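All values reported here derive from a predicted model rather than from experimental measurement. Chain identifiers are assigned alphabetically (A, B, ...) following the order of the sequence lines, protein sequences preceding nucleic acid strands; residue numbering begins at 1 within each chain.
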2 protein chains.
Amino acid sequence: MSQENLFTPVQIGRRGEDIALQIEAAILEERILPGARLPSERELQIQFQTGRGVIREAIRALKQKGLVDIRKGAMGGTYVKQMDVANVSESLALFLKQQHIEPDHIAEFRESIDRVITILAIARAGAAAKEELVAETEKLMEMVNQEEPDQESIAGQDRILNIRLAQMSNNPVFAWVMEALQQGFSSHDYALYDETAYRLKTAENWQKTAQHIARNDPMQALSSIAAHYALLRSCVAGQKPQSEENNRLA
Amino acid sequence: MSQENLFTPVQIGRRGEDIALQIEAAILEERILPGARLPSERELQIQFQTGRGVIREAIRALKQKGLVDIRKGAMGGTYVKQMDVANVSESLALFLKQQHIEPDHIAEFRESIDRVITILAIARAGAAAKEELVAETEKLMEMVNQEEPDQESIAGQDRILNIRLAQMSNNPVFAWVMEALQQGFSSHDYALYDETAYRLKTAENWQKTAQHIARNDPMQALSSIAAHYALLRSCVAGQKPQSEENNRLA
DNA sequence: TTCTACTTAATGGTACTACCAAAGGAACCG
DNA sequence: CGGTTCCTTTGGTAGTACCATTAAGTAGAA
């Protein structure tokens, strides 16, 4: 790929970080495109006039940021990757975990986002997409009404519904935020599907919401959303404990 | 700190990641509290029965995630840190940059969040906080009306206002999201203060918003917010180019 | 005593070397 | 043509030595 003098040796500060920043800049400015392969560690070691450890740490940092992908073996090496939300989600989830965030606060945030998404979806999504959403909720209904409901599949379907609805807002930012929150805090949601009573009501609620959206009835749709979150709150409040790790050592 | 057998040697997969995960878990489960110091690299090397490079990579990963802080010299080492939003913001900003996200989409998202925040702030914040907000907007007015407006200070004050308002929602999640977005996309906002006309209008708008909030008038407050974002959109659309890095090499 | 200057030890940062393990490709054999 | 073996590339691990920085201790001077 003839990237002879793409990088320059460094002198200042922690070399590893500096190198990581140089490569990161090259990626963000698209001087290196996703899918491209960076020189091997040993080549970079020569280009940057430094030890291999430094190069490894730099590459490791890029991997952590989700900018590159590392493969072993011949034709292995460091490959520039298209980032995806997972990294942001992970970072967010980590942060929220360390902050002892209350489920109520997350729920409130999510509800407010959901309301906006719903309005936007009604205004912008096509009739086909809306019908598709209804169809997906029907799948969910079938799942919960089965003899032996499969928690895994149901949770997955719930996730699909959330994402699909978010996408109908025609603004990727909403979809990403929704996905990030979902990934970080799925556990609370899925609690809804643990007990039969909640499971049924939740699925029905989803169906109603989708139908209201399909009929372009924002007020009713918002009302269903409110019901959904009310249900979530009562559910979480009801089975309060779920504490496994609250016994720290003094 | 007598953490003799806190960790165990590993066998499988990439040792570095495994070690990083063990330590991360220990931090998240609060077996190691913020402020505490991990053993030195050489001690860990012995505890984990591995090479120092592996330990370094593990610690590096934790640092990247924002979980620890590294200090050189005697009494240096790896210290567990209280995470802050900066890490999430950075991750988010990186993602958005690589996705060529349109400013309009961000603006739409921020506006919707701002609306919710405003409603919550009016409902929940005390009169004192509301007056404080008004006072801050007056500071901003003073700044923009000076002979030689200081871009830096003005931008900072704008940031302070956003954060303070978000905090008044009494839900930290809103404040964090706002801060993350701010940090990632300050550039567009600050464009508002580049031209005198925009600068003045924006500051006035802030003042009005704060006053409406102080008077518990949600409708008027929302209207001011709408005006603010309308201004932002026209400003960004007006001075469209700002492209410095759009010439990629084929 | 009290302050300064020097020494010392601990610790992360860098460099280099050697070897292991995986993975793909090329040559070889059936 | 298809499978097998070997070889080369490349990341992963181990170990050693040395440098740079920093805090703490120590001796000496005021």
Practice item. Test side-chain contact (heavy atoms from CB on, under 4.5 Å) on B/Arg199 and B/Met143 and set out the steps. Key: CA-CA 10 Å; B/Arg199 182 162 52 224; B/Met143 286 177 174; over 6 Å; no

Exercise for review: Spell out, as yes or no, whether a donor-acceptor pair under 3.5 Å connects the side chain of B/Arg37 to the backbone of B/Gly76.
Suggested key: yes

Check your understanding: Do NZ/NE/NH1/NH2 and the carboxylate oxygens of B/Glu17 and A/Lys63 come within less than 4.0 Å?
Key -> yes

**Study point:** Qualifying ring pair (Phe, Tyr, Trp, His ring centres under 6.0 Å) pairs, either residue in residues 59-91 of chain A, two or more places apart
**Key:** none

Practice item. Take the C1' atoms of the five end pairs on each side of the helix from C/dT1-D/dA30 to C/dG30-D/dC1, derive the two axes, and give their angle rounded to 10 degrees. Key: 0°

Check your understanding: A/Arg52 has an atom CZ; how far is it from atom P of D/dG15, in whole Å?
Key -> 16 Å

Point to revise | salt bridge (charged side-chain N to carboxylate O under 4.0 Å, His left out) against A/Lys81, all qualifying residues, sequence neighbours excluded | key: none

**Study point:** A/Lys63 NZ - D/dT10 P separation (whole Å)
**Key:** 18 Å

Check your understanding: Between C/dA22 atom P and A/Ile70 atom CD1, what is the distance in whole Å?
Key -> 17 Å

Check your understanding: For A/Arg15 and C/dA15, is the shortest distance between a side-chain N/O and OP1 or OP2 below 4.0 Å?
Key -> yes

Review point. Just how far, in rounded Å, is C1' of C/dG24 from OH of A/Tyr79?
Key: 10 Å

Point to revise | Spacing of A/Gln45 atom CD relative to D/dT10 atom P, expressed in whole Å | key: 13 Å

Review point. To the nearest angstrom, how far is A/Phe48 atom CZ from C/dA15 atom P?
Key: 13 Å

Exercise answer: donor-acceptor pairs, residues 50-60 of chain B side-chain atoms, under 3.5 Å, sequence neighbours excluded:
unit_1: B/Arg52; atom_1: NE; unit_2: B/Glu41; atom_2: OE1; d: 2.9
unit_1: B/Arg52; atom_1: NH2; unit_2: B/Glu41; atom_2: OE1; d: 3.0
unit_1: B/Arg56; atom_1: NE; unit_2: A/Glu57; atom_2: OE2; d: 2.8
unit_1: B/Arg56; atom_1: NH1; unit_2: B/Glu41; atom_2: OE1; d: 3.3
unit_1: B/Arg56; atom_1: NH1; unit_2: B/Glu41; atom_2: OE2; d: 3.0
unit_1: B/Arg56; atom_1: NH2; unit_2: A/Glu57; atom_2: OE2; d: 3.2
unit_1: B/Glu57; atom_1: OE2; unit_2: A/Arg56; atom_2: NE; d: 2.8
unit_1: B/Glu57; atom_1: OE2; unit_2: A/Arg56; atom_2: NH2; d: 3.2

Exercise for review: Under the salt bridge (charged side-chain N to carboxylate O under 4.0 Å, His left out) rule, collect the residues that match up with A/Lys139, sequence neighbours excluded.
Suggested key: A/Glu136

Review point. How many Å lie between CD on B/Glu57 and P on C/dG13, as a whole number?
Key: 13 Å

Point to revise | Euclidean distance, B/Gln167 CD relative to B/Trp176 CH2, rounded to 0.5 Å | key: 11.0 Å

Review point. What is the distance, rounded to the nearest whole Å, between atom CZ of B/Arg56 and atom C1' of D/dA14?
Key: 15 Å

Practice item. May I ask you to check whether A/His100 and B/Glu30 show a side-chain donor-acceptor distance below 3.5 Å? Key: yes

Contact list (N/O, under 3.5 angstrom) for nucleotides 4-11 of chain C vs protein:
unit_1: C/dA10; atom_1: N3; unit_2: B/Ala74; atom_2: N; d: 3.4
unit_1: C/dT11; atom_1: OP1; unit_2: B/Arg37; atom_2: NH2; d: 2.8
unit_1: C/dT11; atom_1: O4'; unit_2: B/Gly73; atom_2: O; d: 3.2

Exercise for review: May I ask you to say what A/Ile59 touches in the nucleic acid, namely base, sugar-phosphate or nothing, with a heavy-atom cut-off under 4.0 Å?
Suggested key: nothing

